[in-house]
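In what follows, every heavy atom counts, from backbone to side chain, and hydrogens, waters and symmetry copies are set aside.
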Amino acid sequence: MQVRSYKSSDYQALIELYGKSDEFKVDKVTDSEANISRKIEKDPESLLVVEDNGEIVGSVSIVEDGRIALLFRLVAVNTNKEDILKMLLTEAESILKKRGYEQMHNTAPTNDLNGIMERNKLGFKQGDTYTWFWKEFE
């Protein structure tokens with residue numbers, strides 16, 4: 001298994017990986033090929049994948065603005081899920097340290113006890129409970 005930057009040819013495999021996740025649903029806008037392409041054009045290191053024998057088995061997007069670094073769509077589906085997540089976190093942390101960050105953030109749905117326990121086990125501290133909102137432009 002290896003962690004590497006996302007390539008545009010990974011799109012279909014990435015969407016399939018997202019579809020296997022229990023934590024979120026694939027969003028036609030957020031996860032569109034155009035939006036993901038725009039993201040990696042701006043910052044090729046901002047979307048990481050884990051490849052295992054030619055299959056994408058994990059991924060994370062780094063979203064940062066100078067003040068906060070958020071790990072978005074942190075997902076792995078495989079019998080080695082914990083190892084895959086640790087690989088992604090190690091690489092994301094390395095990238096973010098080089099950029100001057102001292103911490104990274106991640107969310108888990110408040111009703112997903114497995115996701116919460118998983119984040120705690122990976123070393124994240126649990127914050128207050130919030131609900132995430134979004135609005136599509138008209």
Handout entry: Co-membership, hydrophobic cluster, residues V3 and I62, 4.5 Å side-chain
Key = yes

Practice task
Give a yes or no on whether the backbone of K86 and the side-chain of T90 come within a donor-acceptor separation of less than 3.5 Å.
Solution key: yes

Completion exercise
Between V49 and S59, the two heavy atoms sitting closest are CG1-OG, 3.9 Å

Practice task
Any chance you could measure I68, atom CD1, to Q103, atom CD, to the nearest 0.5 Å?
Solution key: 7.5 Å

Exercise for the section: Compare all side-chain heavy atoms of V50 with those of E91 and state whether any distance is below 4.5 angstrom. Expected result: no

Problem - Distance, nearest 0.5 Å, that separates OG of S8 from CD of E33 - result: 7.5 Å

Exercise for the section: Test side chain to side chain contact (heavy atoms under 4.5 Å, CB included) on R4 and D10 and set out the steps. Expected result: CA-CA 11 Å; R4 64 170 174 77; D10 296 325; 2.8 Å; yes

Handout entry: SB check E16 K20 (cutoff 4.0 Å)
Key = no

Problem - Closest contact, heavy atoms only, M104 versus A92 - result: SD-CB, 4.4 Å

Handout entry: V60 reachable from Y101 in the ILVMFWY side-chain graph, under 4.5 Å edges
Key = yes

Exercise for the section: Please check if the side chain of Y6 supplies one atom and the backbone of L47 the other of a donor-acceptor pair under 3.5 Å. Expected result: no

Exercise for the section: Mind running side chain to side chain contact (heavy atoms under 4.5 Å, CB included) on L14 and R73 for me, showing each step along the way? Expected result: CA-CA 11 Å; L14 181 70; R73 299 279 198 249; over 6 Å; no

Problem - E45/R99 ion pair, N-O < 4.0 Å - result: yes

Practice task
Please check if the side chain of T30 supplies one atom and the backbone of D27 the other of a donor-acceptor pair under 3.5 Å.
Solution key: no

Problem - L17 with Y11, same ILVMFWY side-chain cluster at under 4.5 Å - result: yes

Exercise for the section: Report the residues that fulfil side-chain hydrogen bond (donor to acceptor under 3.5 Å, both in side chains) with K97, sequence neighbours left out, ordered by chain and then residue number. Expected result: E93

Completion exercise
Taken in chain and number order and not counting sequence neighbours, the residues that satisfy salt bridge (Lys or Arg N to Asp or Glu O under 4.0 Å) with E55 are none

Problem - Hphob cluster co-occupancy, I40 + I15, side-chain heavy atoms under 4.5 angstrom - result: yes

Problem - Residues L85, L74; criterion side chain to side chain contact (heavy atoms under 4.5 Å, CB included); working and verdict - result: CA-CA 8 Å; L85 293 173; L74 175 62; 3.7 Å; yes

Practice task
Only counting residues at least two apart or in another chain, list the ones meeting salt bridge (Lys or Arg N to Asp or Glu O under 4.0 Å) with K39.
Solution key: none

Exercise for the section: Assess whether atom CD of Q2 is packed by more than 12 heavy atoms of other residues, nucleotides or ligands within 6.0 Å. Expected result: yes

Practice task
Using atom types as modelled and distance alone, determine if a side-chain donor or acceptor of N114 lies under 3.5 Å from a backbone N or O of M117.
Solution key: no

Problem - Any donor-acceptor pair under 3.5 Å from S32 side chain to V29 backbone - result: yes

Problem - Shared hydrophobic cluster for V77 and I116 (ILVMFWY, side-chain gaps under 4.5 Å) - result: no

Exercise for the section: Would you confirm whether S5, through its side chain, and L48, through its main-chain N or O, come within 3.5 Å as a donor-acceptor pair? Expected result: no

Practice task
Please list, chain by chain and in numerical order, all residues satisfying side-chain hydrogen bond (donor to acceptor under 3.5 Å, both in side chains) with Q12, sequence neighbours excluded.
Solution key: none

Problem - D31 side chain to V26 backbone, donor-acceptor under 3.5 Å - result: no

Completion exercise
For R38, the side-chain hydrogen bond (donor to acceptor under 3.5 Å, both in side chains) test, sequence neighbours excluded, returns N35

Exercise for the section: Applying side-chain hydrogen bond (donor to acceptor under 3.5 Å, both in side chains), name anything that partners Y18, two or more places apart in sequence or on another chain. Expected result: none

Completion exercise
To the nearest 0.5 Å, atom OG1 of T107 lies from atom CZ of F24 at 9.5 Å

Handout entry: F124/L71 under side chain to side chain contact (heavy atoms under 4.5 Å, CB included): CA gap, chis, key distance, verdict
Key = CA-CA 11 Å; F124 284 94; L71 301 183; 4.0 Å; yes

Fill in the blank from the handout: Taken to the nearest 0.5 Å, the spacing of N80 CG from M1 CE works out to 4.5 Å

